[in-house]
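Contents: one structure, followed by commentary.
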Amino acid sequence: MSSITLEIKKLARTLVEAAFPDGTNRSIEISSSGLESGDNFIGLIYNVTVNDTNGTLHLVLKVAPQEGTFRETFAVREIYKSEIFTYKEILREFFELQRDKNLERNFQAFAKLYASSTEYLREALIMENVKMKGFRPLNYRISVDYPHASLVMREIGKFHALSYAMRDQKPKIFDSWKDQCHKCLFFSNVKVPALKAVPILTNAILTSYPSQQNEEERKALQEFVNILPVIYRNFSCISRDDMKYAVIIHGDLEIRNLLFKYGNPHDPDCPTELCIVDWQLMHLAPPAMEVLFFIFLSTDKELREQHYTKLIEEYYQSFCLFLRELGSDPDSLFPFPILLEHLKKYSGWALLLAILFNPSNLKEGDDIPDFSNCDDEDAMVAMMSIIPKRRYLQRMRDVVSDMLNYGYPFYMLTDQSRT
């Protein structure tokens, strides 16, 4: 839990005044967000309540960490600039595109940004508190059920359709975003310890298999480890042919970054609306990367066995329907066979992220690593490599098994023409 310092209070007031520069006298109250350790990885979160003659406004203040080593390792300044650019430019353009089309349904699965700062060591955003509108988080340590997964797939289909509509109808604006859509975190100083931690975690998965069993899976995993640097390089330099299909992706579409609203009184456990938070890892990539990331980090084997194909179809159907409503042709811009091809091609990257991210997702309480205290590479590798109980191993064995069953050759390489 972060203390509320005088500097935080000053920053909050500065941003509120920037958001509402009408000179109205306002009282501002700041309190802890109540988030537990691990709920927000790269940010200090506070609740802000603004009172004036017009009433009460509930906001959330998100502030960049100050620790120098942590900021350098995780490219904190760059990812905050990326998130602010997403809200101020990309999501704004998406909103205006939908407004101009006068659509009956739209994509509004994000909070309203009121003000932001890119000042050095004062990077911050102040946004509406969507929890006051009924949105709430799930326990990200537990896999999602089908209703939640289905809603995410349908909303992401609409989100990706907006990129295609922009590329098709406003190409100059879309092209102007490319210089701002960097894979900041994946090219920061965290790259080296991450690539050292993944083989350690993978070896733990390998040794967890019963002796003389699952030979195909074990062999595939071993080959995967052998080509890790190439898998990383393929992601860092996606082929020209595949970049023709690239969209703005969230980049970290897992349960900890999703809030749900439940508006059906007859089925109170079924989500009706989605809000996506933490756009810090936004970048350009083929849509399949986002689909793979969510499914293989946030669902379990039982759900995939029952609904995997249906989820892929729901994603693409939602994408097609919304893109047509936006005035562009999905069949020519992003044919379904291309999606299926990319799901296979980028399965290795999805497995790499599942191996690396799931340990943090499954740890609880004091087991959650505090990377802000890491002052050298070896310490970071050690933190990343800690196995969170035995369920991590079973979850990852399930991911490997399912990828092979779906025909996803995560351990194979493809020749790519580099950009």
Side-chain angles (χ1 to χ4, degrees), residues 143 149 153 183 186 191 194-209 213-239 241-242 245-246 249 251-254 285-305 307-309 311-312 315 337-362 384-385 387 392-416 418:
S143 300
M153 285 293 94
K183 310 179 186 77
F186 303 111
K191 170 187 172 181
L195 287 179
K196 288 184 177 180
V198 171
I200 297 173
L201 292 165
T202 306
N203 185 62
I205 300 167
L206 279 166
T207 56
S208 73
Y209 283 104
Q213 296 182 28
N214 307 93
E215 288 298 324
E216 180 185 6
E217 296 169 23
R218 288 154 55 142
K219 180 180 178 181
L221 262 181
Q222 187 58 63
E223 293 185 11
F224 165 81
V225 172
N226 294 339
I227 61 170
L228 267 177
V230 184
I231 291 174
Y232 194 98
R233 187 168 67 247
N234 281 355
F235 164 74
S236 66
C237 198
I238 297 170
S239 73
D241 287 343
D242 290 355
Y245 301 102
I249 71 171
D252 192 13
L253 196 71
E254 52 183 320
M289 286 188 167
E290 189 116 274
V291 174
L292 288 165
F293 184 89
F294 173 75
I295 290 180
F296 287 105
L297 265 79
S298 299
T299 69
D300 59 21
K301 186 175 184 64
E302 181 180 359
L303 184 142
R304 292 192 294 268
E305 286 178 345
H307 302 293
Y308 180 80
T309 299
L311 288 173
I312 300 299
Y315 162 81
I338 295 295
L339 172 62
L340 298 181
E341 174 190 331
H342 286 180
L343 289 172
K344 291 185 177 182
K345 182 179 290 188
Y346 294 104
S347 57
W349 177 248
L351 179 60
L352 186 156
L353 293 182
I355 290 171
L356 188 63
F357 283 21
N358 266 327
S360 294
N361 290 345
L362 296 177
M384 290 180 172
S385 305
I387 304 295
Y392 167 78
L393 301 174
Q394 183 60 58
R395 177 177 286 196
M396 292 315 307
R397 289 197 301 267
D398 290 343
V399 168
V400 170
S401 173
D402 286 349
M403 282 189 171
L404 292 176
N405 287 337
Y406 301 145
Y408 292 177
F410 58 80
Y411 55 92
M412 295 178 63
L413 302 179
T414 57
D415 293 331
Q416 297 203 36
R418 304 295 172 201

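Index from 1, following the sequence.
Atom CD of Glu216 sits in a sparse spot, with 12 or fewer heavy atoms from other residues, nucleotides or ligands closer than 6.0 Å. More than 12 heavy-atom neighbours from other residues, nucleotides or ligands sit within 6.0 angstrom of CD on Glu223.
Looking at residues two or more places apart in sequence or on another chain, you find no side-chain hydrogen bond (donor to acceptor under 3.5 Å, both in side chains) involving Ser385. In terms of the side-chain hydrogen bond (donor to acceptor under 3.5 Å, both in side chains) criterion, residue partners of Asp398 (sequence neighbours excluded) are, by chain and number, Gln394. Asp402 meets the side-chain hydrogen bond (donor to acceptor under 3.5 Å, both in side chains) test with Lys301, Arg304; sequence neighbours excluded. A search for side-chain hydrogen bond (donor to acceptor under 3.5 Å, both in side chains) contacts involving Tyr245 returns nothing, not counting sequence neighbours. Applying the side-chain contact (heavy atoms from CB on, under 4.5 Å) test to Ala288 and every residue at least two apart in sequence or in another chain returns Leu339, His342, Leu343.
Rounded to the nearest 0.5 Å, atoms CG (Leu297) and CG (Leu292) are 10.5 Å apart.
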Please test Phe357 against Asp252 for side-chain contact (heavy atoms from CB on, under 4.5 Å), starting from the C-alpha separation and ending with a verdict. CA-CA 10 Å; Phe357 283 21; Asp252 192 13; 3.9 Å; yes

Would you please test Met396 and Ser208 for side-chain contact (heavy atoms from CB on, under 4.5 Å) and show each step? CA-CA 10 Å; Met396 292 315 307; Ser208 73; over 6 Å; no

Please determine whether side-chain contact (heavy atoms from CB on, under 4.5 Å) holds for the pair Ile249 and Phe293, giving the CA-CA distance in whole Å, both sets of side-chain angles, and the decisive distance to 0.1 Å. CA-CA 11 Å; Ile249 71 171; Phe293 184 89; over 6 Å; no

Walk me through whether Lys345 and Glu341 qualify under salt bridge (Lys or Arg N to Asp or Glu O under 4.0 Å). CA-CA 6 Å; Lys345 182 179 290 188; Glu341 174 190 331; 3.6 Å; yes

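A donor-acceptor pair under 3.5 Å links the side-chain atoms of Asp300 to the main chain of Leu303, judged by distance alone. Tyr392 contributes no side-chain N or O that, together with a main-chain N or O of Ser360, makes up a donor-acceptor pair within less than 3.5 Å. Formation of a donor-acceptor pair under 3.5 Å by the Glu254 side chain with backbone atoms of Phe294 is not found in this model.
Side-chain contact between Tyr411 and Leu351 is absent, with no heavy atoms from C-beta onward closer than 4.5 Å. Using a 4.5 Å cut-off on side-chain heavy atoms (C-beta onward), Ile312 and Ile295 make contact. Residues Val225 and Gln222 have side chains in contact (heavy-atom distance under 4.5 Å, counting atoms from C-beta outward). Using a 4.5 Å heavy-atom threshold, the side chains of Phe224 and Ile231 count as touching. Two residues are said to be in side-chain contact when any heavy atoms from C-beta on lie closer than 4.5 Å; Met384 and Pro359 fail this criterion. In this structure, the side chains of Arg395 and Ser143 come closer than 4.5 Å at one or more pairs of heavy atoms. Within the 4.5 Å cutoff, side-chain heavy atoms of Ile238 are placed close to those of Tyr346.
The two residues Leu253 and Ser298 have their closest heavy-atom pair at O-OG, 4.3 Å. When all heavy atoms are compared, the tightest approach of Glu217 to Arg397 is OE1-O, 4.2 Å. The minimum heavy-atom distance linking Ala350 with Met403 is given by the pair CB-CE, 4.0 Å.
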Tell me which donor-acceptor pairs under 3.5 Å the side chains of residues 194-205 have, and how far apart each pair is, sequence neighbours excluded?
from, atom 1, to, atom 2, distance (Å)
Lys196, NZ, Glu377, OE2, 2.4
Thr202, OG1, Val198, O, 2.7

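Between Tyr406 and Phe296, the two ring planes are tilted [angle within 30° to 60°].
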